[in-house]
Amino acid sequence: MDPLIVVKKLFKEYNENLPEPVRVLQNLNVKILSGEFVCLMGPSGSGKSTLLNLLGLLDSPTSGTISFEEREISQLTSLEKAKLRNSSFGFIFQGFNLLKKHSVLENVMLPLLYSKVQRGKAAFAAKEILDATGLGSLSNRLPSQLSGGQQQRVAICRALVVKPTVILADEPTGNLDSTTAAQIMQILAELNRKEGITIILVTHEKEIASYGSRLIQMKDGVIKNDKYLDERKHEFF
Ligand code: ADP
Ligand code: MG
């Protein structure tokens, strides 16, 4: 199978407003196949979020290449990046990142509105996903009227509404208790298994990483260990 994402000789340094550049990624190479569920672990500051942001076209590398579906993407214009990001990637964050003053429905519609989908169509698609995930009755609530687990499920719906090829999740269970975290991981594992969505997820916890099919460990901006998890600990299907 062709790799979905190929990263070659990736370097990233931060320079802005700093006395000296901070070297974060140092000659990082990795290939990710379609349908993988990759968990990224590593100490704080090892470059996990930086890598995820580069893969999701939220930032540009200092040097090196990233290809997605055999297309070099790191040098695309901002407009091209935004287009590809909105059509192919879904993002989930530790802090949920929902817009506080907007309803659940509006939050889930947002990525479609960014892609210039007509409002009525966006609302229909958002409602459909919320209904399918059992959140339909919460559509008119504000994020503050939901539990953390519910907010993260809304964020998953927001990621799914564009029918993404890849979900990028940065410590999505970091703010949740362990029972709720397990529920969120089960949803992601099911999306990976049943819908074939490729998932790349950062976590601090081994237990969370055991939901994946592959575990990559980073340290000081390089990959220290990369292994396939032969048997997933959590088999539901
Ligand atoms: P992780 O997610 O593994 O904790 P990050 O990718 O967030 O690590 O950060 C890696 C390193 O890059 C850290 O030393 C961090 O301080 C630094 N860093 C991250 N973002 C910036 C930035 N915008 N400007 C300067 N340094 C940054
Ligand atoms: Mg991080």
Side-chain angles (χ1 to χ4, degrees), residues 1-13 24-42 46-94 111 114-115 155-156 158-172 185 188-203 208-209 211-229 232:
M1 192 189 288
D2 291 329
L4 181 68
I5 297 173
V6 181
V7 173
K8 283 189 186 158
K9 298 185 183 165
L10 195 67
F11 286 80
K12 176 68 183 174
E13 7 177 286
V24 181
L25 300 182
Q26 321 242 20
N27 194 16
L28 190 138
N29 298 281
V30 69
K31 281 183 192 167
I32 293 169
L33 303 184
S34 183
E36 284 192 313
F37 187 160
V38 180
C39 290
L40 272 179
M41 292 188 80
S46 55
K48 305 180 298 294
S49 296
T50 299
L51 177 60
L52 217 61
N53 290 344
L54 291 172
L55 296 179
L57 296 165
L58 293 168
D59 200 357
S60 302
T62 305
S63 65
T65 59
I66 302 173
S67 78
F68 176 72
E69 293 178 334
E70 299 180 50
R71 175 183 181 202
E72 167 54 27
I73 58 169
S74 53
Q75 303 307 327
L76 297 178
T77 65
S78 344
L79 189 66
E80 288 169 329
K81 279 187 181 177
K83 264 194 179 169
L84 184 59
R85 187 167 63 233
N86 288 334
S87 62
S88 300
F89 294 88
F91 295 87
I92 308 172
F93 303 95
Q94 179 171 5
Y114 285 149
S115 300
I156 293 174
R158 181 187 56 189
L160 288 176
V161 79
V162 301
K163 304 202 185 311
T165 306
V166 183
I167 288 182
L168 300 171
D170 199 346
E171 305 200 34
M185 291 309 294
L188 293 175
E190 189 165 326
L191 288 168
N192 173 249
R193 288 281 183 94
K194 291 196 176 154
E195 315 277 339
I197 299 177
T198 304
I199 300 181
I200 308 173
L201 179 145
V202 172
T203 180
I208 295 295
Y211 283 83
S213 61
R214 179 178 175 190
L215 175 60
I216 294 181
Q217 280 168 310
M218 289 181 66
K219 195 172 178 218
D220 299 331
V222 295
I223 292 176
K224 284 281 175 200
N225 199 359
D226 183 354
K227 68 175 180 196
Y228 289 89
L229 305 176
R232 290 199 208 182

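These numbers come from a predicted model, not from an experiment.
Atoms CG and CD1, on L51 and I200 in that order, are 7.5 Å from each other to the nearest 0.5 Å. With rounding to the nearest 0.5 Å, the separation of CG in D170 from OG1 in T50 is 9.5 Å. Distance check, rounded to the nearest 0.5 Å: CZ of F68 to CZ of R85 gives 13.0 Å. Residue Y228 holds its OH atom at 7.5 Å from CD1 of I216, rounded to the nearest 0.5 Å. With values rounded to the nearest 0.5 angstrom, N192 atom CG is found 13.5 Å from Y211 atom OH. In this structure, CG in D226 is found 9.5 Å from CG in L40, a value given to the nearest 0.5 Å.
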Inset, instruction - Any chance you could lay out the side chain to side chain contact (heavy atoms under 4.5 Å, CB included) test for V38 and V30, step after step, and finish with the verdict? - result: CA-CA 11 Å; V38 180; V30 69; over 6 Å; no

Legend entry - Audit row: L58, F91, side chain to side chain contact (heavy atoms under 4.5 Å, CB included) steps and yes/no: CA-CA 10 Å; L58 293 168; F91 295 87; 3.5 Å; yes

Inset, instruction - Apply side chain to side chain contact (heavy atoms under 4.5 Å, CB included) to the pair L57 and E80, showing each step before the final yes or no. - result: CA-CA 10 Å; L57 296 165; E80 288 169 329; over 6 Å; no

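Here the side chains of N86 and P111 are not in contact, with every heavy-atom distance at 4.5 Å or above. Looking at L201 and P172, their side chains come closer than 4.5 Å, going by heavy atoms from C-beta outward. Contact check for L33 versus P3: side-chain heavy atoms found under the 4.5 Å cut-off. Taking the side chain as every heavy atom from C-beta outward, I32 and R214 approach each other to under 4.5 Å. A heavy-atom distance below 4.5 Å is not found between the side chains of L160 and E195. Using a 4.5 Å cut-off on side-chain heavy atoms (C-beta onward), V7 and L54 make no contact. Q26 places none of its side-chain heavy atoms less than 4.5 Å from the side chain of D220.
Considering all non-hydrogen atoms of both residues, E72 and L76 come closest at O-CD2, 3.9 Å. The shortest non-hydrogen separation linking P164 to F89 is CB-C, 3.9 Å. When all heavy atoms of K31 and E36 are compared, the pair lying nearest together is O-OE1, 4.2 Å. Among all heavy-atom pairs drawn from P61 and L10, the shortest one is CB-CD1, 3.4 Å. Nearest heavy atoms, S74 versus T65: OG-CA, 4.0 Å. I92 approaches A159 most closely through the heavy-atom pair CG1-CB, 4.1 Å.
A side chain to side chain contact (heavy atoms under 4.5 Å, CB included) with K8 is found for one member of I66, N29, L28 and no other, namely N29.
Checked against side-chain contact (heavy atoms from CB on, under 4.5 Å), E13 has the following partners two or more places apart in sequence or in another chain: N15, P21, R23, T62.
Checking K224 against S46 by side-chain atom types alone, no donor-acceptor pair falls below 3.5 Å.
The neighbour count for K83 NZ, taken as heavy atoms of other residues, nucleotides or ligands under 6.0 Å away, does not exceed 12.
With hydrogens and angles disregarded, no donor-acceptor distance shorter than 3.5 Å links the side chain of K163 to the backbone of S88.
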